[in-house]
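This one's a predicted model, so the numbers in the text were calculated from it and none came from an experiment. Both ligands and their constituent atoms are indexed starting at 1 by order of listing.
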Amino acid sequence: MGSDSDLPVMQPAADILTEFDISYELTVVSAHRTPARLFEYASKAKERGLKVIIAGAGGAAHLPGMVASITSLPVIGVPVKSSNSIDGWDSILSILQMPNGIPVATVALNGAKNAGILAASIIGAFNVQTGKKIIAYKQQLETEVLNKVSVLKSKGWNNQFDQ
Ligand code: RP5
């Protein structure tokens with residue numbers, strides 16, 4: 001992430017990776033304040049064994065795009081609505097509107113949890129255990145929604161679909 005002030009927004013990515021038993025590292029790499037560290041981090045990421053990079057930043061959020069320009073690993077960008085964001089669109093567009101050839105898989109504003117799930121899905125495409133955890137997670141989501149359908153129905157809300 002671009003700053004330690006991004007941690008409250010980025011924490012859900014770490015939490016969901018922990019839930020999926022995926023090891024990760026979490027640190028600060030600022031595109032603007034530590035450009036040399038950015039280059040070193042991104043250029044060494046693959047040889048250090050990383051598989052996916054989640055990069056979160058706010059305002060003029062150049063971190064995800066610059067990381068993607070340096071590494072061949074998949075990069076997931078999290079636009080952060082930070083203290084220097086106008087309304088969040090600045091971070092979204094900075095991360096989303098990448099030029100052809102250098103993609104950043106951009107999640108929703110402050111969408112770090114989905115970034116973690118997407119990273120797990122990428123790993124799960126090759127790792128059988130992680131793949132099974134993703135399937136179980138989605139089944140759990142489905143069960144939760146179907147339970148809510150039952151509760152609404154039991155409270156008398158008209159629902160012709162689930163007769
Ligand atoms: C961005 O500037 C960071 O990613 C953060 O969202 C924002 C503010 O950083 P701090 O001034 O709080 O360090 O580069």
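The pair E25-R48 meets the salt-bridge criterion, since a charged nitrogen lies less than 4.0 angstrom from a carboxylate oxygen.
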Pair Y41-T34, side chain to side chain donor-acceptor pair (under 3.5 Å): steps then yes or no: CA-CA 10 Å; Y41 188 91; T34 63; over 6 Å; no

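Placement of L17 and I134 within a single hydrophobic cluster is found when ILVMFWY residues are connected by side-chain heavy-atom separations under 4.5 Å, directly or transitively.
Rounding to the nearest 0.5 angstrom, the gap separating the CD atom in Q140 from the OG1 atom in T143 is 7.5 Å.
Nearest heavy-atom pair, A112 versus V9, reported as atom, atom and distance to 0.1 Å: CB-O, 3.1 Å.
Contact shell of ligand 1 (protein heavy atoms, cutoff 4.0 Å): G2, S3, S5, D6, R33, A57, G58, S82, N84.
With contacts defined as side-chain heavy-atom distances shorter than 4.5 Å, the pair S91/V80 does not qualify.
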